[in-house]
**Q** 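Before we start, here is the structure in question, set down as C-alpha cells.
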2 protein chains.
Amino acid sequence: MRDVAEATNLSVATVSRHINGSIKLPRDTMERIDSAIQRLNYRPNPHARSLSLGRTESIGVVIPDIANPFFARLAAAVERAAAAYGLGVMLCATLNQKERELDYLQRLARNHVDGLIFVTNRVDDGEVARAINAAKAVVVMDEDVDGTTASKIFADNERGGALAARHLIAAGHRRMAYLGGAASLMSTRERLRGFQSAIDEAGLDPALTAGFFGSYTIAHGLEAARAMLDAPEPPTAVFAASDEIALGVLTVCRDRGIRIGRDLSLVAFDDVGPLDLFDPPLTAIRQDVDSMGWQSVVRMLDAIKGEDHQAAPQRVPVELIVRASVGPPVR
Amino acid sequence: MRDVAEATNLSVATVSRHINGSIKLPRDTMERIDSAIQRLNYRPNPHARSLSLGRTESIGVVIPDIANPFFARLAAAVERAAAAYGLGVMLCATLNQKERELDYLQRLARNHVDGLIFVTNRVDDGEVARAINAAKAVVVMDEDVDGTTASKIFADNERGGALAARHLIAAGHRRMAYLGGAASLMSTRERLRGFQSAIDEAGLDPALTAGFFGSYTIAHGLEAARAMLDAPEPPTAVFAASDEIALGVLTVCRDRGIRIGRDLSLVAFDDVGPLDLFDPPLTAIRQDVDSMGWQSVVRMLDAIKGEDHQAAPQRVPVELIVRASVGPPVR
DNA sequence: CTGAAAGCGCTTACAG
DNA sequence: CTGAAAGCGCTTACAG
C-alpha cells in the first residue's frame with residue numbers, strides 16, 4: 001500500500017480510505033490510485049486489516065463430518081450464503097469428538113473468525129456449552145447444545161415425526177419401530193415425540209411402538225434393524241430418524257430377502273441422499289438444508305452486529321416426500 | 001501478551017519465545033508464564049502472528065461443489081490431513097464458475113492462506129492457469145489445468161478406463177457406450193483412452209463403442225442415456241465416467257423398465273455414493289479419495305517449504321469393485 | 001479534502 | 001539467558 005501511495009504522491013491514509021470506500025475522491029485522483037494498484041498488482045493483506053480492525057470477514061463452520069451427505073449439504077449451504085455476504089468460511093471437522101470441538105471453539109472463538117456456526121452430534125456434558133457461551137458470536141444449528149444462550153436453528157423435528165407416523169398409520173400400520181440416534185439427543189427425542197403424538201392422536205396403543213436408540217449411522221441402522229427383526233413380534237413399519245439409519249435397514253433387509261415397501265414399510269428422515277434411486281425409492285421426511293444454512297448465516301450476522309438474538313430457536317419446516325417404501329402391513 | 005509479560009515481570013519477547021518453544025526457560029519461569037496465561041485467559045492473536053510471520057498456518061481448498069459427494073469426500077480427506085499437520089482449512093466453493101475460481105485464487109493466493117489445493121471441473125482458457133502459476137503454493141488435484149507448473153495429484157484414470165472395459169469385455173460385451181464429462185477434460189479423455197486401449201488389446205472393433213460427452217452430472221447422465229438407448233443399435237453395456245452420470249442412467253432405465261445388470265450392463269466411476277445400496281448394486285471403479293486428499297496436503301507442505309516439486313503428476317491407483325450391474329449381453 | 005502518527009499484537013535480529 | 005526496538009501492513013482519530 002505504501003508503494004501505491006508513493007506512486008501516486010498521496011498518503012497511505014488516503015489510499016486506504018479510497019480502497020475501503022470511506023471517502024469520495026475527485027475522479028482523476030481515483031483513477032490515479034486505481035491504475036497504480038493495477039500496475040503494481042497491489043493486493044491488500046487481510047491479516048493486517050484484521051489486526052487493525054479486530055475482525056476477519058470470515059466465519060467458521062464446525063461440523064462433525066463433511067463426508068456425511070447431510071453435513072456436506074449443510075456446509076455447502078452455509079458456504080453459499082456466506083459468500084453472498086462476502087464472508088469466507090473456515091471449515092472444521094470434529095469427527096464428533098469433544099476435544100476437537102473445544103479446540104475449534106478456542107482457536108476460532110478468539111479472533112480467528114468473526115463467528116462460528118456450530119453443528120454437533122454428541123451429547124454435551126456442559127464443557128462445550130461453557131465454551132460456546134464464552135465465545136462471541138455462535139449460532140447453534142441442527143442439534144442443540146444444552147444450556148447455551150446462542151441463536152439456534154433447528155428443523156421442525158417434532159412435526160417431521162408426526163408426518164411420518166401419520167403416513168404409516170394411514171397405510172394401516174399399528175406395530176411400528178422408531179430407530180433413533182442417541183436417546184438423549186434433542187433431535188432424536190423430538191422426532192420420537194412427534195411420532196408418539198400422532199399415535200396418541202389416532203387413538204392407537206403406544207406400547208406397540210418400540211424404540212431403538214444409538215447413533216445416526218449406517219452401523220447403528222444395521223444393528224437396530226437386526227434387533228428389531230429378531231424380536232418375537234417384529235414391526236410392520238419402521239421410521240428411521242436419519243438417511244444413514246435407513247441405509248442400514250435397507251442393507252439388512254436386502255440380505256434377509258425382506259422386501260421394503262411390501263414385507264416392511266420404511267420412512268427415512270433427512271432426504272439428502274439420492275433416496276429416489278434406491279431399491280425401492282424411499283419415502284422420507286425432507287429437511288430444508290438450504291434454508292437452514294442460509295438462515296444460520298443471517299443469524300450469525302445479527303450476532304456479530306451484537307443485535308440481541310431472538311430467544312426461541314428458529315424452526316425450519318420439514319416435508320413428507322412420498323415414494324415407494326410404504327405399503328399396507330403384512331401378517 | 002503484554003499483560004502476561006507484565007504479570008510475570010518478563011518482556012513480551014521472552015513470553016513470545018516461550019510460547020513458540022524457541023527457547024528453554026528455567027522451570028519456575030516457565031511455570032510463572034504458564035500460570036499467568038491461564039489466569040489471564042490469554043489467547044494469541046493469529047492475525048498478528050500471521051502479519052509478523054508472513055504465513056498463516058492455514059490452507060485453502062477450492063472445489064466446485066461441496067454438496068457433490070465426490071468433492072465432499074475429497075474435502076473431508078484434505079481437512080483431516082491438514083488438521084493432522086496443524087493447518088486450518090479455508091473452504092471455497094466455486095460452483096464451477098471461472099469468476100469464482102479467479103476470485104479465490106486472488107483472494108487466497110495473496111496472504112490469506114499459505115497455499116491452495118485447487119480442484120476444478122472446467123476447461124480453462126488460460127486465465128486460471130496464469131493465476132495458478134502466479135500464486136505461491138498450489139497443488140492441482142483431480143482434474144488438470146492445462147499449462148500449470150504446480151504439483152499435481154490425479155487418479156489413474158487411464159487404468160480405471162481399462163479395468164472397466166476389460167470387465168465388460170470379459171462378460172461378453174462388444175457394443176458399448178462411454179458416457180463421459182466434457183470432451184476436453186483430462187479425466188474424461190484419459191478414462192476413454194484406457195477404455196479404448198483395452199478394446200484394442202482384446203482385438204475388438206473400436207467402432208462399436210459410442211461416446212457421449214457432456215458433464216459429470218445426473219442431468220447429463222439422463223440425456224446421454226436417452227440418446228444412447230434411442231440409437232438404432234443401442235449398446236449392451238455402458239461405462240459411466242462418474243457416479244452422477246451413472247445415477248442418470250439408472251433413472252432413465254428405471255423409467256423405461258430396463259433392468260440394469262440384465263437388459264443393460266453398467267460400470268460407474270468414483271464409487272463414493274452408497275452404490276452398494278442401489279438397485280441393483282452398481283459395479284464401479286473406485287477412486288482412493290482419502291489417499292488423494294492426504295497426498296495433496298503433503299505435496300502442499302513441500303510446495304510451501306519451497307522444495308522443488310516432482311515434475312510428473314502423481315497418480316493414485318484405482319480399483320474395480322464388482323457388484324451386480326454387469327451381466328452377459330442380451331440381444 | 002488530506003496527512004502524520006499511533007496503534008492493532010505479534011516475531012526476531014541485534015545487543016548486552 | 002533476557003530485553004528494547006523495529007517491523008509486519010493495515011485503519012482511523014485527530015489535526016490542519
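All values below were derived from every heavy atom in this structure, side-chain atoms included, with hydrogens, water molecules and symmetry-related copies excluded. In what follows, chains are A, B, ... by sequence order, proteins preceding strands, each numbered from 1.
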**Q** Has the side chain of B:Ser52 got a donor or acceptor that lies under 3.5 Å from a partner of the other kind on the base of D:dG7?
**A** yes

**Q** Taking all non-hydrogen atoms of both residues into account, name the closest pair between A:Val4 and A:Ala36 and its distance.
**A**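 It is CG1-CB, 4.1 Å.
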
**Q** Output the single nucleotide from C:dA4, D:dC10, D:dT2 whose closest atom is nearest the side chain of A:Ser11.
**A**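 From the listed options, C:dA4 comes nearest.
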
**Q** So, does the side chain of A:Arg17 form a donor-acceptor pair with the base of C:dG3 at under 3.5 Å?
**A** yes

**Q** Between C:dC10, D:dG9, D:dT2, which nucleotide gets closest to the side-chain atoms of B:Asn45?
**A** C:dC10

**Q** Please check the phosphate of C:dT11 (OP1 and OP2 only) for any side-chain N or O of B:Ser16 closer than 4.0 Å.
**A**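 Checking C:dT11 against B:Ser16, a side-chain N or O does come within under 4.0 Å of OP1 or OP2.
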
**Q** Does C:dG3 have its OP1 or OP2 closer than 4.0 Å to a side-chain nitrogen or oxygen of A:Thr14?
**A** yes

**Q** The side chain of B:Leu53 is closest to which nucleotide in this list: C:dT11, D:dC10, D:dT2?
**A**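 Selected nucleotide (nearest to the side chain): C:dT11.
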
**Q** For a quick check of understanding: with a heavy-atom distance under 4.0 Å over all strands, which category does B:Asp3 fall into, base, sugar-phosphate or nothing?
**A**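 Touches nothing.
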
**Q** Fill in the dot-bracket string of DNA chain C, one character per base: . for unpaired, | for a pair to another strand, ( ) or [ ] for pairs within the strand, taking Watson-Crick or G-U pairs under 3.5 Å.
**A** |||.||||||||.|||

**Q** Which listed nucleotide (D:dT12, D:dT2, C:dC10) is nearest to the side chain of B:Ile23?
**A**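 Nearest nucleotide to the side chain: D:dT2.
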
**Q** For A:Arg100, enumerate each residue passing the side chain to side chain donor-acceptor pair (under 3.5 Å) test, keeping only those at least two apart in sequence or located in another chain.
**A** A:Tyr104

**Q** Write down the distance separating the P atoms in C:dA13 and C:dG9, rounded off to the nearest Å.
**A**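 Pairwise P distance, C:dA13 against C:dG9, rounds to 23 Å.
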
**Q** Looking at D:dG3, D:dG9, C:dG9, which one has an atom nearest to any side-chain atom of B:Leu10?
**A**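 Shortest atom-to-atom distance from the side chain points to D:dG3.
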
**Q** List the atom of A:Met300, the atom of A:Gly115, and the distance in Å for their closest heavy-atom pair.
**A** SD-CA, 3.4 Å

**Q** When you measure from the side chain of A:Ala13, which nucleotide among C:dG9, C:dG3, D:dT11 comes out closest?
**A** C:dG3

